[in-house]
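Every heavy atom of this structure was used, including side-chain atoms; hydrogens, water molecules and symmetry mates were not. Whatever order the structure lists ligands and atoms in, that order sets their numbers, starting from 1.
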Amino acid sequence: MKKQNTFIVAAAVTAAVIAAFWLLLVAPGYTGNEINMPRGVTLQSELSYQLHMITLWICVVIGVIVFSAMFISIVLHRKSKDHEAARFTHSTRAEIVWTIIPVIILVVMAVPATTALVNMEVAPETEMTVKITGFQWRWKYEYIEDGIEFISSLHSESNAARRLISGIDPSAVENYLLDVDNPMVLPANTKVKFLITADDVIHAWWVPALGWKRDAVPGFINEAWTEVLEPGTYRGQCAELCGKDHGFMPIVLKVVPKEEYRDWVRQQQRKMAQEQAGLTDTRKALGHETGDDVQPQTLARVGSGK
Ligand SMILES: [Cu+2]
């Protein structure tokens, strides 16, 4: 019987060692396949990731201890072995231990959690500001310092494929429902402040790689900030159920080197100046000296040929 017990304990210990080995060495390899939480590209997302990993490992250690104790007790103290159960009803020592240990664990978790939250909520000295406005069902971006503004809508290819009986296979469309006509462009290595609001109903601006999301609420301005170090294209979506086309207002953020960003700004400013000049010509064609007194609706009618 003693031999059998030794075998059971040895088997349990071996199983625990294999489980620990798998979790420590093999499981991290799966992060590339996105079983784990994505790591993101900002300090905020890194802090969230670290908090997630600390919490995960605390859960793993607790799980291994609790389940080991449970299975070892079940096997070694089973009825067929005539094990006599302890008959105590109260243990002050046990109660002190199972109160103090969870408190210590909670305090250990509260430190990185508070650090991450403060980092997300308190914007540092930022270098530029972008106002983001949610509409049903598109986003408007206004670059406050550079005087640029534009609307970003679902890309025409995705828009065509999403129609019922369109005959287009959505899986053949690149970045289906995650592509836009005018992506938001930001410079790398730059602290950017976002002012987020909405014009009709509540939306939420969410790019997972940045590590946060913010509600866009009509009449309120929510602040957020980011600093992306690596250039790249990051995609997201509206994260608040905002009407029938909620699933069709994606976000595309292109982070480019600073020089490339300055070129893009100049290009956008030229484009806006040309559009403005086109409007002035239309106004003059309508017989107005400056056109300032022409109602926008009239211009829209002229533009659409009605
Ligand atoms: Cu929305």
Side-chain angles (χ1 to χ4, degrees), residues 34 37-42 44-45 48 116-117 120-121 123 126 128-144 146-166 168 170-186 192-228 232-256 264 268 271-272 296 300:
E34 304 213 5
M37 178 182 169
R39 199 152 193 159
V41 292
T42 61
Q44 292 135 324
S45 67
S48 301
L117 268 180
M120 276 177 208
E121 293 299 324
T126 48
M128 58 179 280
T129 309
V130 182
K131 184 181 166 198
I132 301 172
T133 310
F135 295 88
Q136 285 176 320
W137 288 274
R138 47 191 48 82
W139 296 100
K140 182 182 183 187
Y141 299 116
E142 292 168 78
Y143 291 63
I144 306 298
D146 294 318
I148 302 168
E149 59 176 70
F150 58 89
I151 301 276
S152 180
S153 310
L154 181 67
H155 195 278
S156 55
E157 280 183 28
S158 288
N159 202 26
R162 80 178 172 104
R163 305 277 166 199
L164 201 63
I165 329 176
S166 67
I168 303 168
S171 61
V173 177
E174 203 180 347
N175 297 311
Y176 178 59
L177 299 185
L178 285 173
D179 207 2
V180 297
D181 51 0
N182 297 312
M184 177 192 222
V185 179
L186 288 179
V192 184
K193 184 193 278 187
F194 297 110
L195 304 173
I196 302 171
T197 186
D199 205 86
D200 37 39
V201 299
I202 301 176
H203 302 267
W205 200 83
W206 179 45
V207 175
L210 300 188
W212 49 264
K213 72 179 165 195
R214 279 288 180 288
D215 277 353
V217 185
F220 290 85
I221 290 183
N222 284 331
E223 274 191 20
W225 76 278
T226 197
E227 182 181 19
V228 182
T233 301
Y234 307 105
R235 296 174 197 277
Q237 288 166 303
C238 175
E240 187 71 58
L241 189 55
C242 60
K244 75 176 177 64
D245 282 358
H246 157 68
F248 307 110
M249 49 183 297
I251 298 158
V252 178
L253 166 63
K254 274 190 177 174
V255 178
V256 297
W264 176 82
Q268 292 297 313
K271 203 166 132 189
M272 282 182 67

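For S158, there are no side chain to side chain donor-acceptor pair (under 3.5 Å) partners, not counting sequence neighbours. In this structure S48 satisfies the side chain to side chain donor-acceptor pair (under 3.5 Å) test with no other residue, sequence neighbours excluded.
Put simply, the side chain of V192 does not reach to within 4.5 Å of the side chain of T129, judged on heavy atoms. The shortest side-chain heavy-atom distance between V228 and L210 falls under the 4.5 Å cut-off.
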Which atom pairs, donor and acceptor, lie under 3.5 Å between side-chain atoms of residues 133-141 and protein residues at least two apart or in another chain?
from: Q136; atom 1: NE2; to: C242; atom 2: O; distance (Å): 2.9
from: W137; atom 1: NE1; to: C242; atom 2: O; distance (Å): 3.2
from: R138; atom 1: NE; to: S153; atom 2: OG; distance (Å): 3.2
from: W139; atom 1: NE1; to: M249; atom 2: O; distance (Å): 3.2
from: Y141; atom 1: OH; to: W205; atom 2: NE1; distance (Å): 3.2

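Counting only protein N, O or S atoms closer than 2.8 Å to the Cu ion (ligand 1) gives 4.
The structure places CG of D146 at 8.0 Å from CH2 of W264, a figure rounded to the nearest 0.5 Å.
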